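Okay, structure first, notes after.
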Amino acid sequence: MTRDTDGRIRQEALRKLLQEDAPWTIPYIIQLCGEYVVEIATDILQFLTTELPKRPKLRQSYRQFIADNPTFMTLTGQRALSYWNAYDRWRSTRDEYPQLAALQLLDDLRRDSTGKK
């Protein structure tokens with residue numbers, strides 16, 4: 001359902017995935033950061049800042065997924081940047097765009113686990 005053509009259905013499916021602690025949900029969640037629906041990315045950003053820190057096993061699963069999939073993460077970031085540039089550049093800075101802010105938090109999580117800055 002996270003691939004539905006209706007953004008509201010994708011957002012509802014995302015909200016259900018965010019309640020799960022299963023690592024298989026991670027690519028579906030991260031992939032949505034590379035899309036244009038700001039409301040969905042806002043939900044992901046809120047999850048990353050408020051809920052993920054409370055779930056250490058899932059947090060470690062995110063670290064592992066990010067470390068194991070650098071090409072996917074790069075491509076997702078490029079897509080998010082492209083959407084920001086095309087549709088939201090006039091409304092927000094890169095740092096304020098929820099998709100890019102969420103991906104930055106994920107990159108910070110990756111760097112925190114590897115010690116790289």
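Because only heavy atoms are used, hydrogens play no part in the values below, and waters and symmetry mates are left out as well, while side chains stay in. In what follows, residues are counted from 1 in the order of the sequence shown. For clarity, every value in this text was computed on a predicted model and none was experimentally measured.
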One pair to check against side chain to side chain contact (heavy atoms under 4.5 Å, CB included): E39 and Q11. What are the steps and the verdict?
CA-CA 8 Å; E39 295 82 3; Q11 188 173 24; 3.8 Å; yes
Go through the steps for V38 and Y97 under the test side chain to side chain contact (heavy atoms under 4.5 Å, CB included), then give the verdict.
CA-CA 8 Å; V38 172; Y97 190 59; 4.1 Å; yes
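The minimum heavy-atom distance linking L103 with A80 is given by the pair CD1-CB, 3.8 Å. Of all non-hydrogen atoms in T50 and Q46, the two that sit nearest each other are OG1-O, 2.7 Å. Scanning all heavy atoms of the two residues, the minimum distance from A102 to L48 falls at O-CD1, 3.6 Å. For S92 against W84, the heavy-atom pair with the smallest separation is O-NE1, 3.0 Å. In plain terms, the two heavy atoms of L105 and L45 that are nearest each other are CD1-CD1, 3.4 Å.
Between F72 and F65, the ring-plane angle classifies as perpendicular under the 30° and 60° cut-offs. Ring orientation note: the planes of W24 and Y28 are nearly perpendicular, at an angle over 60° on the 30°/60° scale.
Note that OG of S82 is 8.0 Å distant from OH of Y87, once rounded to the nearest 0.5 Å. To the nearest 0.5 angstrom, I40 atom CD1 is 10.5 Å from E12 atom CD. Once rounded to the nearest 0.5 Å, the distance linking CD of E51 with NZ of K54 reads 4.0 Å. Taken from CE in M73 to CG in D107, the straight-line distance is 7.0 Å, to the nearest 0.5 Å. L52 contributes atom CG, which lies 6.0 Å from atom CZ of R59 (distance to the nearest 0.5 angstrom). One distance of note links CD1 of I30 with CD1 of I44; it measures 9.0 Å at 0.5 Å rounding.
Looking only at side-chain heavy atoms (C-beta outward), Y62 and I29 come within less than 4.5 Å of each other. Contact check for Q31 versus T76: no side-chain heavy atoms found under the 4.5 Å cut-off. By the 4.5 Å heavy-atom criterion applied to side chains, D95 and L100 are not counted as neighbours.
Partners of Q78 according to the side chain to side chain contact (heavy atoms under 4.5 Å, CB included) rule, which considers only residues two or more places apart in sequence or in another chain, are T74, L75. Scanning for side chain to side chain contact (heavy atoms under 4.5 Å, CB included) contacts around A41 gives P98, Q99, with sequence neighbours left out.
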Only distances under 3.5 Å count here; give the side-chain donor-acceptor pairs of residues 15-23 to other protein atoms, sequence neighbours excluded, each with its distance to 0.1 Å.
{"from": "R15", "atom 1": "NE", "to": "D43", "atom 2": "OD2", "distance (Å)": "2.9"}
{"from": "R15", "atom 1": "NH2", "to": "D43", "atom 2": "OD2", "distance (Å)": "3.2"}
{"from": "D21", "atom 1": "OD1", "to": "R55", "atom 2": "NE", "distance (Å)": "2.6"}
{"from": "D21", "atom 1": "OD1", "to": "R55", "atom 2": "NH2", "distance (Å)": "2.7"}

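Ionic pairing of E35 and R10 is present here: one or more N-O contacts between side-chain nitrogen and carboxylate oxygen are shorter than 4.0 angstrom.
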